[in-house]
Amino acid sequence: MSKLLSRRALLAGIASTATAPARAADAVRVAALKTGTFGWELDVISAHGLDKEADLSIEALEFAVPQAAELALRAGQADIMISDWLYVSRVRSLGEKLTFYPYSSAIGAIMVPGASTATGLGDLVGKTLAVAGGPLDKSWLITQGAALSAGIDLKARASIVYGAPPLLAEKLRQGEFAANLNFWNYCAELEASGFRRLIGVDELAKQLGATGQLANLGYVFSEDFAARNGATLTRFLDMARKAKEILAQSPAEWERLRPRLNLRDDKVLSVYRDRYVEGIPRRSVAAEEADARALYGLLARLGGQELVGKASELSPGTFFRGGPNG
């Protein structure tokens, strides 16, 4: 009798195992800009099944402007978004525990026409410099800081025009400005059209004390999300790294992405690829944080409370140390 019961129990266990539903993949809601590079990464993740390999279900929420993505994250409607460490430090100083893990160090440059005789920031004195992103844009503040360290007050001695990145790039093509400080992807398009980089913002940051190429954008999420979903977050960051490596190593992948990039001409694609790959973070989070801390004082002085809030230094905990490069 006991042997019969044991056999029935064993068969019942096998049957229940065979009919049990598969465990659902862990869900991660990501806020992405419709025209941002994060969308490229998400495309690669989906196309190569990296989400399934990581046992993750990625829900992409698209937004037209960064402020909408920020609201979604802070309202609990998204788990991860892309933003910069200045934003994270500011909201932390106000009591909101967001944190930052490096996503990209690709940053803009000052572009000039190919025939321009300008060789440095001093050659912009008396000229019109178009600045994308507005007066509090981090790249513009770094540019001002580097110029001031060389005894040049660009804000006072050049004619500064602010505007939307695509509009300013087009007006540079039309010859309306002597130079344009723009985001890296618009710089890539200009470079492919025969314009040249006067100087990159990464070079200017090094003049101000950065020891390497500083990650200006990162994956941003709440400390609470990281604490409750540590294993999920680790798999997400590993998955994202794999997507970046595919983009770094496969020209064919860029050809596949070409339709969604909305390129002006074929020459832009290779420049896009080169600049994107250069911007893949390779340093430790500790090194990134040290450079951000070194630049923070300058940015706070030039941008004031409107940029950084009341914090006199980079808020502790701004950089997340629990990821693969932590």
Tell me the closest heavy-atom pair linking [X] and [Y], and the distance in Å.
X	Y	answer
L42	I58	CD2-CG2, 4.1 Å
A188	R275	CB-CG, 4.5 Å
A243	I45	CB-CG1, 3.7 Å
Q213	G279	NE2-CA, 4.4 Å
E255	P259	O-CD, 4.0 Å
L302	G145	CD1-N, 3.8 Å

- [ ] Could you tell me whether K242 and E245 make a salt bridge, using a distance below 4.0 angstrom between a side-chain N and a carboxylate O?
- [x]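 Salt bridge flag = no for E245 with K242.
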
Value rounded to 0.5 Å, distance of [atom1] in [X] from [atom2] in [Y]:
X	Y	atom1	atom2	value
I107	C187	CD1	SG	10.0 Å
S104	I280	OG	CD1	8.0 Å
I160	L129	CD1	CG	4.5 Å
D291	W85	CG	CH2	9.0 Å
S312	Y296	OG	OH	7.5 Å
L73	L98	CG	CG	5.5 Å

Going hydrophobic residue to hydrophobic residue with side-chain gaps under 4.5 angstrom, can you get from [X] over to [Y]?
X	Y	value
L136	L181	yes
L247	L33	no
L61	L233	no
V271	V112	no
Y101	L56	yes

[X] vs [Y] side-chain heavy atoms within contact, under 4.5 Å:
X	Y	answer
M81	V30	no
P102	V285	yes
R321	E289	yes
L204	Q207	yes
M239	D51	yes
T211	R283	yes
F63	K34	no
V88	F319	no

Of all pairs that satisfy side-chain hydrogen bond (donor to acceptor under 3.5 Å, both in side chains), the ones with a partner from [range], not counting sequence neighbours:
range	answer
residues 134-150	W140-Y162
residues 112-131	T119-D123
residues 217-226	E41-Y219, R92-E223, Y219-K244, D224-R228

Hey, does the side chain of [X] reach the backbone of [Y] with a donor-acceptor pair shorter than 3.5 angstrom?
X	Y	answer
T99	F320	yes
R197	A109	no
S315	T318	no

Open item on the list: Tell me if the centroids of the rings in F100 and F221 come within less than 6.0 Å of each other.
Closed with: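 No, the ring centres sit 6.0 Å or more apart.
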
Would you mind listing the cluster partners of [X]? Hydrophobic ones only (ILVMFWY), side-chain contacts under 4.5 Å, chaining allowed.
X	answer
F183	Y186
L168	M111, V161, L172, F177, L190, F195
L94	none

Can you pull out every salt bridge (charged side-chain N to carboxylate O under 4.0 Å, His left out) where at least one residue sits in [range]? Sequence neighbours excluded, please.
range	value
residues 144-168	none
residues 62-80	R29-D79, R74-E96
residues 170-189	E170-R173, E170-R264, K171-E176

Task: Partners passing ring-ring contact (aromatic ring centres under 6.0 Å, His included) against Y272 (at least two apart in sequence or in another chain) - done: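 Here the qualifying residues are W40, W184.
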
- [ ] Please determine, by modelled atom types, if T37 and Y103 share a side-chain donor-acceptor pair under 3.5 angstrom.
- [x]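 Looking only at side-chain atoms, Y103 and T37 do form a donor-acceptor pair, the distance falling under 3.5 Å.
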
Open item on the list: Quick check on side chain to side chain contact (heavy atoms under 4.5 Å, CB included): which of L295, I142, D202, V201 does L214 satisfy it with?
Closed with: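 Result for side chain to side chain contact (heavy atoms under 4.5 Å, CB included) with L214: L295.
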
TODO: Report the C-alpha separation of I82 and V220 in whole Å, then their side-chain angles, then the decisive distance to 0.1 Å, and conclude whether the side chain to side chain contact (heavy atoms under 4.5 Å, CB included) test is met.
DONE: CA-CA 6 Å; I82 302 296; V220 175; over 6 Å; no

- [ ] Let me see the working for L217 and F38 under side chain to side chain contact (heavy atoms under 4.5 Å, CB included), right down to the final yes or no.
- [x] CA-CA 11 Å; L217 293 176; F38 192 25; over 6 Å; no

TODO: Output, in order, the C-alpha distance, side-chain angles, deciding distance and verdict of side chain to side chain contact (heavy atoms under 4.5 Å, CB included) for N229 and V28.
DONE: CA-CA 10 Å; N229 303 278; V28 179; over 6 Å; no

Task: salt bridge (charged side-chain N to carboxylate O under 4.0 Å, His left out) involving R256 - partner list, sequence neighbours excluded - done: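 R256: salt bridge (charged side-chain N to carboxylate O under 4.0 Å, His left out) contacts with D43, E253.
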
- [ ] Go through the structure and list residues passing salt bridge (charged side-chain N to carboxylate O under 4.0 Å, His left out) with R301, not counting sequence neighbours.
- [x]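 Not a single residue meets the salt bridge (charged side-chain N to carboxylate O under 4.0 Å, His left out) criterion with R301.
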
- [ ] Would you check, one step at a time, whether the test side chain to side chain contact (heavy atoms under 4.5 Å, CB included) holds for L298 with L208?
- [x] CA-CA 9 Å; L298 166 78; L208 295 171; 3.2 Å; yes

